[in-house]
Amino acid sequence: MEKWQDPKIIALWIAIILLLIFTLVFFVVKIIHLGYKRISEANLREAQMQIEHQKKLLETSLQAQEKERTRIAADLHDGLIGKLTVVRLKNQVGKTEDLDKMLEESITEARRISHDLTPPLLEFTSIEELIDNLLDPWRARMEIILHSDVRTASNPEPHVKIQVVRLVQELLNNIIKHAQATVVTVYLRHTENSFTLCVKDNGRGFDTAKLAQGLGMHNLELRAQYINARYKIKSGIGKGTTAIFSGTSI
């Protein structure tokens, strides 16, 4: 009998082969397990980051609401209530010559505050008209150009239109406060399948990396999410700022 035909030798080789197969299977299972664990941990980290991001956006929304309430309260107290108090005092002392003019100013102030809260005839007014009406008072302070390309007769829901108006309003407020711009260009494109809003200024610009976590940026992102739009802010020191919002038709 040949040596390799010895049953003990055959059994030894079978045992070695089985051990090698077992070892190979063990390592394959181990690698698959480690890969699955890494994927699970990555998915968990991503989910946690999304939760934290949504939490931050919720905090931003609450802060923005409180900021808006504070602004409205200041407008009422410093503007409208102040004017009406003067009217009352003048009426009490009998100085009525300027009352009509002051009442007219008070009515104008009340109308402005009301318009800031909710534009009149929101449901029946197009986005193009709403933006144009919003831009009109600012044209006395800087050159504002509106380019509109509306190719649809669809009328978005009022809650969507008000978010678009608030986007433009917030961007204009930021431009007035920080940009020192002299020219602002607003592009509006609305078709059956797409929506694009672009606000560009020739101001001093800023470092987007430093302000990426600011309240203003989160507030813009929150409004963009509300209308299912992507947004991008392009800016640089001395290069002005461009804000672009785009998505499917709203």
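Position 1 is the first residue of the sequence; numbering continues from there.
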Over all atoms of both residues, closest heavy-atom pair of [X] and [Y]:
X	Y	answer
Thr242	Ile244	CG2-CG1, 3.8 Å
Asp207	Ile237	N-CD1, 3.9 Å
Pro156	His190	CG-CE1, 4.0 Å
Val183	Asn202	N-OD1, 3.0 Å

Check: [Y] main-chain N/O paired with [X] side-chain donor or acceptor under 3.5 Å:
X	Y	answer
Asn193	Thr248	no
Arg166	Leu220	no
Lys161	Glu123	yes
Ser235	Phe206	yes
Glu129	Ser126	yes

Roughly how far, to the nearest 0.5 Å, is [atom2] of [Y] from [atom1] of [X]?
X	Y	atom1	atom2	value
Asp201	Gln180	CG	CD	11.0 Å
Ile127	Leu134	CD1	CG	12.5 Å
Glu221	Ile233	CD	CD1	10.5 Å
Glu46	Ile39	CD	CD1	12.0 Å
Thr241	Lys239	OG1	NZ	11.5 Å
Ser40	Arg45	OG	CZ	10.5 Å

Do you reckon [X] sits in the same ILVMFWY cluster as [Y], going by side-chain contacts under 4.5 Å, direct or chained?
X	Y	answer
Tyr187	Ile131	no
Val184	Ile176	yes
Ile21	Val29	yes

Donor-acceptor pairs under 3.5 angstrom involving side-chain atoms of residues 139-150: please list them, not counting sequence neighbours.
from   : atom 1 : to     : atom 2 : distance (Å)
Arg139 : NH1    : Asp132 : OD1    : 3.3
Arg139 : NH2    : Asp132 : OD1    : 3.0
Ser148 : OG     : Glu128 : OE2    : 2.5
Asp149 : OD1    : Arg151 : NE     : 3.0
Asp149 : OD2    : Arg151 : NE     : 3.1
Asp149 : OD2    : Arg151 : NH2    : 3.0
Asp149 : OD2    : Arg189 : NH1    : 2.6

message: Whether Arg223 and Glu170 form a salt bridge (side-chain N of Lys/Arg under 4.0 Å from carboxylate O of Asp/Glu) is what I want to check.
response: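 Yes, Glu170 and Arg223 are salt-bridged.
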
field: With His33 via ring pair (Phe, Tyr, Trp, His ring centres under 6.0 Å) - residues at least two apart
entry: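 By the ring pair (Phe, Tyr, Trp, His ring centres under 6.0 Å) rule, His33 matches no residue at all.
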
- prompt: Given side chains that start at C-beta, do those of Phe195 and Val160 come closer than 4.5 Å, heavy atoms only?
  reply: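 In short, these two side chains do not touch, never coming nearer than 4.5 Å.
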
- prompt: Quick check: are there more than 12 heavy atoms from other residues, nucleotides or ligands sitting under 6.0 Å from CD of Glu104?
  reply: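 Not more than 12 within 6.0 Å, no.
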
message: Set out, in order, the CA-CA distance, both residues' side-chain angles and the distance that settles side chain to side chain contact (heavy atoms under 4.5 Å, CB included) for Leu135 and Val186, then state yes or no.
response: CA-CA 9 Å; Leu135 297 176; Val186 180; 4.1 Å; yes

- prompt: Any idea how Phe245 and Tyr231 line up, ring-wise: parallel (<30°), tilted (30 to 60°), or perpendicular (>60°)?
  reply: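 Parallel.
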
